[in-house]
Amino acid sequence: MNTASKDLHFSGLTRCLIAKGLLTEADAQIHSHEAQKNQIPLIRYLVSNKLIDSKALATQASIEFGVPFFDLDAIDCRRLPINLVGEKLIRKCHALPLFSRGKTLFVAVSDPTDFRALDDFKFHSRLNPEAILVEEDKLIKAIETTLEAADTSMTDMLDEDLDNLDITGGEEDTSKAEVNSDIDDAPIVRYVNKILLDSIKQGVSDIHMEPYEKIFRIRYRSDGILRQVATPPASIANRLVSRLKVMSKMDIAERRVPQDGRIKMTLSKNRAIDFRVNTCPTLFGEKVVLRILDPTSAQLGIEKLGFEPEQQRIFLEAINKPYGLVLVTGPTGSGKTVSLYTGLNILNTMERNISTAEDPVEITVEGINQVNMNPKAGLTFASALRAFLRQDPDIIMVGEIRDLETAEIAVKAAQTGHLVLSTLHTNDAPQTLNRLMQMGIPPFNIVSAVNLIMAQRLGRRLCEHCKIPADLPDKVLLAAGFREEELHDLKIFSAVGCEHCTNGYKGRVGVYQVLTLTEKMRSLILNGGNTDQLAQCALEEGFNDLRKSGLNKVRMGITSLEEIDRITKE
């Protein structure tokens with residue numbers, strides 16, 4: 001009776017796969033359950049985890065349902081008519097408009113039995129949708145390519161457009177920014193705009209502008225590594241810095257103390273980028289660092305973060321609990337904010353009240369009540385947390401637990417029916433438990449409040465266009481942490497470098513240590529166990545440390561051994 005009721009939830013395509021012997025009924029039940037936990041459709045789960053061949057699936061569906069099959073590689077996905085339905089609907093329906101002819105809109109789908117998606121397309125486009133069957137893995141890539149092309153229309157900007165970029169400053173007092181002719185000088189304006197625009201095109205995370213005695217250096221941080229991109233004349237350094245200070249509403253007359261500001265650059269009606277700006281007085285002038293805050297970075301989807309399947313399952317289970325403390329740890333720039341916001345985006349529904357306290361708010365999300373810390377006015381993490389607890393919260397996110405007061409309130413909230421997410425600056429998950437005890441949180445409160453601790457790093461991805469197999473001696477591989485029995489069929493890759501990448505790498509992937517408290521671990525904490533004992537216990541309980549998780553990425557050909565050595569050196 002139970003099995004029959006569950007079968008009713010299978011789409012027509014899943015039933016077809018079972019009937020044709022491409023999927024057993026038992027496997028369908030198991031995979032359906034896992035897909036629901038991961039909050040993705042069953043077909044996408046099967047293809048993403050390579051449990052079924054994408055082309056075989058599409059071919060069979062085309063024959064069974066009489067829907068024409070089409071290869072998405074045959075078209076330029078950057079020129080599709082997405083304006084007919086919009087980005088939100090494309091992501092929601094997981095379907096892509098290909099072209100229209102008369103009153104008919106041809107729509108690429110991977111599941112021809114998803115009639116709700118076609119109905120939504122009909123309602124929004126006022127056209128009659130006709131399904132065109134495509135491969136699931138190619139559809140995922142095509143949707144990303146299409147939407148990226150739509151959002152990055154600024155890559156087609158001409159030089160004359162640099163003067164007309166829509167740029168606004170932060171919320172500081174504009175009376176402090178007395179604009180003079182040097183700062184408003186057209187070449188300076190254009191040069192600064194070009195630096196900002198180029199950084200966005202190249203996917204940069206930070207811009208460093210550094211004055212020295214004889215040179216002025218501009219560097220971009222790309223995939224976690226700084227590289228020099230320009231050395232404008234030192235004589236214009238003050239004018240460039242002053243221009244940035246005016247744009248971010250700082251006091252241009254004050255050069256003796258650090259200042260903070262913000263710049264908002266509108267690229268298109270669908271995309272705006274924020275820059276968090278900080279100046280610091282150095283020996284030869286003010287150094288300026290701009291952190292690029294792209295809201296789309298927190299909408300990657302959990303599949304793209306780099307979790308191993310078991311780690312993803314544990315993370316989703318932890319954030320879907322009604323109460324408890326979820327802690328993410330790692331150095332600055334390791335992706336903690338993106339991980340937390342990926343979880344918050346999953347939890348962000350009409351039924352939940354979510355509040356965050358951040359210093360500063362880096363990514364704005366509709367539906368989440370975000371509070372910017374202001375210590376000068378008395379608004380600290382602790383005071384914000386107290387206010388949240390009087391506002392009927394379901395989920396609370398604290399930017400960072402820095403002191404005992406904040407830690408105590410967070411633990412109390414986690415014990416009284418609230419889900420609390422936060423970060424700590426420690427090297428790995430076991431150290432986080434000791435850090436809480438060193439702060440003054442009693443061990444019995446830690447074991448009753450903590451749901452999950454996740455340590456993370458960001459490693460550079462190998463470029464798919466130029467990576468080559470690496471031939472390393474067995475003793476090097478064994479010393480790195482690989483097992484002797486896997487050496488005979490182990491295939492790892494190294495970086496080369498080509499026109500598609502930077503020094504053989506393109507993009508980054510998360511490396512995680514995901515730790516939940518087992519009974520053995522709880523007992524060890526209550527008995528005052530140290531970091532080494534907790535780390536050993538975690539390994540015995542089957543939780544990979546950062547090094548082991550990194551080596552798994554090397555085995556899969558995602559990154560190189562050199563990169564894992566760089567980010568997991570002890």
Which pair of heavy atoms, one from [X] and one from [Y], lies closest together, and at what distance?
X      : Y      : answer
Ile401 : Ser422 : CG1-OG, 3.3 Å
Leu89  : His124 : CD2-ND1, 3.6 Å
Gln456 : Ser339 : OE1-OG, 2.8 Å
Leu80  : Pro97  : CB-O, 3.6 Å
Asp223 : Tyr505 : OD2-O, 4.1 Å
Leu385 : Ala410 : CD1-N, 4.1 Å

Would you check if the side chain of [X] reaches a backbone N or O of [Y] as a donor-acceptor pair within less than 3.5 Å?
X      : Y      : value
Asn348 : Leu344 : no
Asp71  : Ala74  : no
Thr104 : Ser100 : no
Lys245 : Glu254 : yes
Asn372 : Val361 : yes
Glu562 : Ser494 : no
Glu358 : Gln370 : no
Thr426 : Thr329 : no
Lys336 : Pro331 : yes
Thr568 : Leu546 : no

Contact check, side chains of [X] and [Y], non-hydrogen atoms, under 4.5 Å:
X      : Y      : answer
Arg243 : Val189 : yes
Ile225 : Thr502 : no
Leu305 : Phe315 : no

Begin with the C-alpha distance, continue with both residues' side-chain angles, and end with the deciding distance and a verdict on side-chain hydrogen bond (donor to acceptor under 3.5 Å, both in side chains) for Glu464 and His500.
CA-CA 9 Å; Glu464 292 296 330; His500 301 284; over 6 Å; no
For Ile195 and Asp198: C-alpha separation, side-chain torsions, deciding distance, then whether side chain to side chain contact (heavy atoms under 4.5 Å, CB included) applies.
CA-CA 5 Å; Ile195 289 292; Asp198 283 349; 5.7 Å; no
[atom2] on [Y] to [atom1] on [X], rounded to 0.5 Å:
X      : Y      : atom1 : atom2 : answer
Thr559 : Ile492 : OG1   : CD1   : 10.5 Å
Thr380 : Asp403 : OG1   : CG    : 7.5 Å
Ile207 : Ile200 : CD1   : CD1   : 7.5 Å
Asp206 : Leu226 : CG    : CG    : 7.5 Å
Arg291 : Leu293 : CZ    : CG    : 7.0 Å
Leu197 : Ile273 : CG    : CD1   : 10.0 Å

Would you kindly say whether Arg190 and Asn193 are connected by a side-chain donor-acceptor distance under 3.5 Å?
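Per modelled atom types, Arg190 and Asn193 side chains form no pair under 3.5 Å.
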Any donor-acceptor N or O pair under 3.5 Å, side chains Glu499, His465:
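No, His465 and Glu499 have no side-chain donor paired with an acceptor closer than 3.5 Å.
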Should the heavy atoms of other residues, nucleotides or ligands under 6.0 Å from [atom1] of [X] be counted, would the total exceed 12?
X      : atom1 : value
Asn552 : CG    : yes
Phe123 : CZ    : no
Lys506 : NZ    : no

Audit row: Gln202, Ser222, side-chain hydrogen bond (donor to acceptor under 3.5 Å, both in side chains) steps and yes/no
CA-CA 8 Å; Gln202 296 178 35; Ser222 182; over 6 Å; no
Which residue, Thr145, Val134, Ile143, forms the side-chain contact (heavy atoms from CB on, under 4.5 Å) with Leu72?
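In the set Thr145, Val134, Ile143, the residue that makes a side-chain contact (heavy atoms from CB on, under 4.5 Å) with Leu72 is Val134.
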Under the ring-ring contact (aromatic ring centres under 6.0 Å, His included) definition, can you give me all pairs with a residue in residues 354-381, not counting sequence neighbours?
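The answer is none; no pair qualifies.
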For Glu563, give me all partners under salt bridge (Lys or Arg N to Asp or Glu O under 4.0 Å), at least two apart in sequence or on another chain.
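If we apply the salt bridge (Lys or Arg N to Asp or Glu O under 4.0 Å) test to Glu563, skipping adjacent residues, the hits are Arg460, Arg566.
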Between side-chain atoms of residues 231-238 and protein atoms elsewhere (two or more places apart, or another chain), which donor-acceptor pairs fall under 3.5 Å?
none

Ring centroids only, cut at 6.0 angstrom: are Phe284 and Tyr212 within range, meaning strictly under it?
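Ring centroids of Phe284 and Tyr212 are no less than 6.0 Å from each other.
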Salt bridge check: are Glu135 and Lys55 linked by an N-O gap of less than 4.0 Å?
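A salt bridge is absent here (no side-chain N lies under 4.0 Å from a carboxylate O).
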Check this for me, if you would: do Asp565 and Arg547 make a salt bridge, where the nitrogen-to-carboxylate-oxygen distance has to be below 4.0 angstrom?
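Answer for the salt bridge query: yes.
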Check the pair Arg262, Asp274 against side chain to side chain contact (heavy atoms under 4.5 Å, CB included), reporting the backbone distance first and the verdict last.
CA-CA 7 Å; Arg262 205 173 180 104; Asp274 282 350; 3.6 Å; yes
Going through the checks in order, is the side-chain hydrogen bond (donor to acceptor under 3.5 Å, both in side chains) test met by Gln311 and Ser549?
CA-CA 10 Å; Gln311 291 176 336; Ser549 293; 3.2 Å; yes
Step-by-step side chain to side chain contact (heavy atoms under 4.5 Å, CB included) determination, Glu210 to Val289
CA-CA 9 Å; Glu210 303 160 316; Val289 176; over 6 Å; no
Before giving the answer on side chain to side chain contact (heavy atoms under 4.5 Å, CB included), spell out for Tyr191 and Ile218 the whole-Å C-alpha distance, their side-chain angles and the decisive distance to 0.1 Å.
CA-CA 12 Å; Tyr191 189 80; Ile218 298 177; 4.0 Å; yes
